[in-house]
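Letters A, B, ... are given to chains in the order of the sequence lines, protein chains preceding strands, and every chain is numbered from 1. Please read these numbers as outputs of a predicted model, since none were measured by experiment.
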Amino acid sequence: MSQRFMILDGSSLLFRAFYALPLLTSPTGEYTNAVVGFSNMLQKMIAEYKPDCMVVAFDKSRHTFRTEMFADYKGNRDKAPEEFSAQVPLLREFLEGWGIPFLEMDNYEADDIIGTLSKRAEEAGGYEVLIVTGDRDALQLVSKDVNVLYTRKGISDIVRYDEAAFKEKYGFEPIRLIDLKGLMGDSSDNIPGVPGVGEKTATKLLLQFGFLEDVYAHIDEVSGKKLKEKLTENQAQAELSKKLATIERNAPVEFTPEEYAITPDHERFFAFCDKYGMRSARQGFEKLYPAQGTLLLELGTEETEQKHKAARIAGRNEAEVFADKLRKASVPAFCGVYEGKVPHLKLRALGLSTGDENAVVESGSEAWDILYPLLEDASLHWVTIDLKSFYHVGGSREAHVEDVQLAAYLADPSIGTADVEQLRSIWLPSAPAISADEDETEKAAEGAGIVSKLWPVIFEKLKGYDMEKLYNDMEKPLVAVLAEMEENGIYVNRDRLSAQAEAVGKKLLDLEQEIYTLAKHPFNINSPKQLGEVLFDELGLPAQKKTKTGYSTNAEVLNSLRYVHPIVEKILEYRLWMKLKSTYLDSIGELIDSETKRVHTTFNQMVTATGRLSSSDPNLQNIPVRKEEGRIIREFFEPGEGYDYLLSADYSQIELRILAHLSQDKNFVNAFTHDEDIHARTASEVFGVPMEDVTSELRRRAKAVNFGIVYGISDYGLSQDLGISRKDAAGYIKSYFEKCPGVKSFIDGTVSEAHEKGYVTTLFGRRRDLPQIHSKNFTQRSLAERMAMNTPIQGTAADIIKLAMAAAYRAIKDAGLKSRILLQVHDELVIETTEEELSKVQEILRGAMEKIVSLSVPLPIDIHYGKNWAEAK
DNA sequence: ATTATCACG
DNA sequence: ACGTACGTGATAATC
């Protein structure tokens, strides 16, 4: 019987945990998130693998034998953030209490300690070694007796690598990982490798020849002249890279297995947890090491597993029994298993849960006919995840169904669209994770169980934040509106679209030839790297900006070089058409539904940090409009069969009007109340000229300042935008604030409130946490401060149009019109309508959009309509 | 998986 | 002195 010896890479796991969890703090203000995450992972490891002995290895200092060999080793690493470093000593304290030995050594990395200990254990025999790490390099240690548990993402997604699993993934045995690194390098450790050789080429070479040395021994057999050259030129560098990637397995560290037992010190550990407010760590520890004399009322493991195993219900009788339980459940929950795409989405199965008991029911079974109707039963109050999909498959809008995902997003928008497992790990970290190796329907059942438990916790939080109304009256009603918009889709004239795609394709071929001639040879124009080499190395144009990987070739740079060389203009033109063809013409064509002839975008309600919607597959919120060449794309969006016009209704200056309302600045409120040109008025104030003397240039500058204010102004940003000096920009801002003191005090007030509370809110109570506002790092803190200025404005605008959408939707429906909302583009709604309904629909939109809230300034909309989206602007 | 670029509000 | 405009998504290239 072999001993199971677990070795943890403390440094890498702590780092993973740090980035996986939000910055939690103890009651006394110390950061604890990394330790909390480490603790969760440790508990899981011990519970699952029950190791006989354990050691945690740490990196000690940056200076190691590797930096002796190569000074730049890991030279590209930023210093770890203060919030992280402060937790390293905390983890030691934690391990001391838990009774787990740890090791660190001068001149060696944690990897080398792990490599050495695992080798000694192999030599001694009788050990099964499990290495837990978030560092891929350790995979080279995998052998018959040594496996690696690698944290793929965050800390909960762990994969076990044994010899077979490694071979499956890489195609060769583990030790050759160092040869791979020798060839391809490792950007995260700043290991150079052979430039131009990536994973693909490196793997090919190793499979063909064996080890790195074999590649060089057979260098003549390498195919490709370029590749051979690169390999020969960089042989020394490849060999050094291999050495750097090789874990030292004979480090001067003693192997003393008798000292590696876990010896929990309850008192010490509890004191630690209490001091740092780590309740779940304490609970988990207690579960693993029950104090003597405490009576255990826990369920046996077998029984626990039984509990999570979902019953598959097919027959009528079982269904009746489970239906009864659901009716009595305090939080009945379901998770749908969907297949297909909107507007053809189908419900294949349901995971159901009473909170205590989970079940699966498949569509088409006898049980389905008994259980599905419960979802429409108004006496049940259901919870699900992804309510929009439920609506897509015909779920009743009248049914009482909550969406945990939506509630969780509102409580913390930074998590975005979190799946059940993510929500569990955030909100119920001590509950068992969803089993990984079940089929989709079983996961749905288990998911339903979790959803049932999540809802009370998350909704309670929402109530604590005073966000119930936001959820009930704004976001939840919007779900049905978005579902319908997605199902509606928008008609795209496929013939005109593909004709244009073809024409643009020809144009691109011509441009390509002209560019090759001017460059004197063909190259990949789409590659910024190759383009940079052609422009700046070969043609000798003056390089001005650099990116971290080479020369910058963006539009700003190219524009400034327009008249230096004729190739530049051609490249700009090539870029313009290439963008239009690949992003719009080709890909939208592919997304036209063959049955409906329309494109059905997805409106994501749980993505942005500010409360805006986003659109994807395809993104219909970024269809070109500013440039003539791009605007053509809009011509292909037309009213579909049975409709005559596309109509667009957009808010005029909504963000600046919100700024006026929130700040109560006299100038702004006045200007908007009298419907003045706000940018001209700003110019007049800031530059001290009468309104009639405001030139278009002055207006342009004032407009830039107004935008700057909305984004969270900085003199640097404004100077970049206007192409003026930072000093001048600072001067503009100064006189702006003198003339608009209301705006100034609003911004100052918002930022200082963010510092005090750690979050900001919109007019309707939407919340955004800004943990970085306390950062000691200037850049991060400044970013958070700009977010603090921008979020209440952008977020309030998002709130308003969301309310307006639901109101317009309702009003159109109540009026019995066939007109319908197709798209939302942040401050604009696109509607499909008919000749007869044209005036009625305009009236409804004005009522819904302009009257939905009453601010200190009016909120007028502009309406345009036409035979396509380009005309409706 | 990340980076550079560019489309929108 | 630090070193940035706010919010998104898609594509192609490169790692």
Does OP1 or OP2 of C:dT11 have a side-chain N or O of A:Ser587 closer than 4.0 Å? yes
Counting only heavy atoms from other residues, nucleotides and ligands, does the tally under 6.0 Å from CD of A:Glu502 exceed 12? no
Write down the atom of A:Gly630, the atom of A:Leu580, and the distance for their closest heavy-atom approach. CA-CD2, 3.7 Å
Rounded to whole Å, CD1 of A:Ile588 lies from P of C:dA10 at a distance of 11 Å
List in chain and number order the residues that pass ring pair (Phe, Tyr, Trp, His ring centres under 6.0 Å) with A:Phe764, two or more places apart in sequence or in another chain; answer none if no residue qualifies. none
Can you tell me the distance, in whole Å, between the CD atom of A:Gln605 and the P atom of C:dT8? 15 Å
In whole Å, I'd like the distance from the NZ atom of A:Lys581 to the C1' atom of C:dA12. 14 Å
Please give, in whole Å, the distance from C:dA10 P to A:Met578 CE? 17 Å
Nucleotide nearest A:Thr583 (side chain, heavy atoms from C-beta), chosen from C:dA10, C:dA13, C:dG9: C:dA10
Under the ring pair (Phe, Tyr, Trp, His ring centres under 6.0 Å) test, which residues partner A:Phe166, sequence neighbours left out? A:Tyr170
Expressed in whole Å, how much space separates the P atoms belonging to C:dT4 and B:dT3? 14 Å
At 4.0 Å (heavy atoms only), tell me whether A:Val710 reaches a base, stays on the sugar-phosphate, or touches nothing. nothing
Roughly how many Å apart are B:dC6 and C:dG3, using the P atom of each and rounding to a whole number? 25 Å
Can you list everything that forms a side-chain hydrogen bond (donor to acceptor under 3.5 Å, both in side chains) with A:Glu538? Sequence neighbours excluded, please. A:His521
Scan A:Ala609 against the nucleic acid and name what it touches under 4.0 Å (heavy atoms): base, sugar-phosphate only, or nothing. sugar-phosphate
State which residues pass ring pair (Phe, Tyr, Trp, His ring centres under 6.0 Å) with A:Phe603; sequence neighbours excluded, sorted by chain then number. none
Round to the nearest Å and state the distance from A:Leu718 atom CG to C:dG3 atom C1'. 16 Å
Would you please name every residue forming a side-chain contact (heavy atoms from CB on, under 4.5 Å) with A:Ile733, sequence neighbours left out? A:Ile713, A:Asp715, A:Leu718, A:Phe737
Quick check on contacts: within residues 770-785 of chain A, what sits under 4.0 Å from DNA chain C by heavy-atom distance? A:Phe778, A:Thr779, A:Leu783
Counting Watson-Crick and G-U wobble pairs whose two distances are both under 3.5 Å, find the runs of 3 or more in a row that involve DNA chain C. B:1-9 with C:6-14
Rounded to the nearest Å, what distance is computed from the CG atom of residue A:Leu531 to the P atom of nucleotide C:dT14? 11 Å
Quick one: side-chain hydrogen bond (donor to acceptor under 3.5 Å, both in side chains) partners of A:Thr682, sequence neighbours excluded? A:Asn706
Taking OP1 and OP2 of C:dT4, is either one under 4.0 Å from a side-chain nitrogen or oxygen of A:Arg726? no
Please state whether the base of C:dA5 and the side chain of A:Asp721 form at least one donor-acceptor pair under 3.5 Å? yes
One character per nucleotide, please: for nucleotides 4-9 of chain B, 5' to 3', B when the base has a protein heavy atom closer than 4.0 Å, S when only the sugar-phosphate does, - otherwise. SSBBBB
Between C:dT4 atom P and A:Ile709 atom CD1, what is the distance in whole Å? 21 Å
Do A:Asn604 and A:Ser616 pair up side chain to side chain, a donor and an acceptor below 3.5 Å, judged on atom types alone? yes
Distance test, side-chain N/O of A:Ser527 to OP1/OP2 of C:dT14, below 4.0 Å: yes
So what does A:Met787 hit on the nucleic acid, given a heavy-atom distance under 4.0 Å: a base, only sugar-phosphate, or nothing? sugar-phosphate
Measure NZ/A:Lys802 against P/C:dG7 and give the value in whole Å, please. 16 Å
Who are the ring pair (Phe, Tyr, Trp, His ring centres under 6.0 Å) partners of A:Phe15, not counting sequence neighbours? A:Tyr19, A:Phe84
Between A:His755 and A:His774, what is the ring plane arrangement, given parallel below 30°, perpendicular above 60°, and tilted in between? perpendicular
Considering every strand and a 4.0 Å limit on heavy-atom distances, what is the contact class for A:Ser714: base, sugar-phosphate, or nothing? base
Selection residues 776-794 of chain A - residue pairs positive for salt bridge (Lys or Arg N to Asp or Glu O under 4.0 Å), sequence neighbours left out: none
Taken in chain and number order and not counting sequence neighbours, the residues that satisfy side-chain hydrogen bond (donor to acceptor under 3.5 Å, both in side chains) with A:Asn777 are none
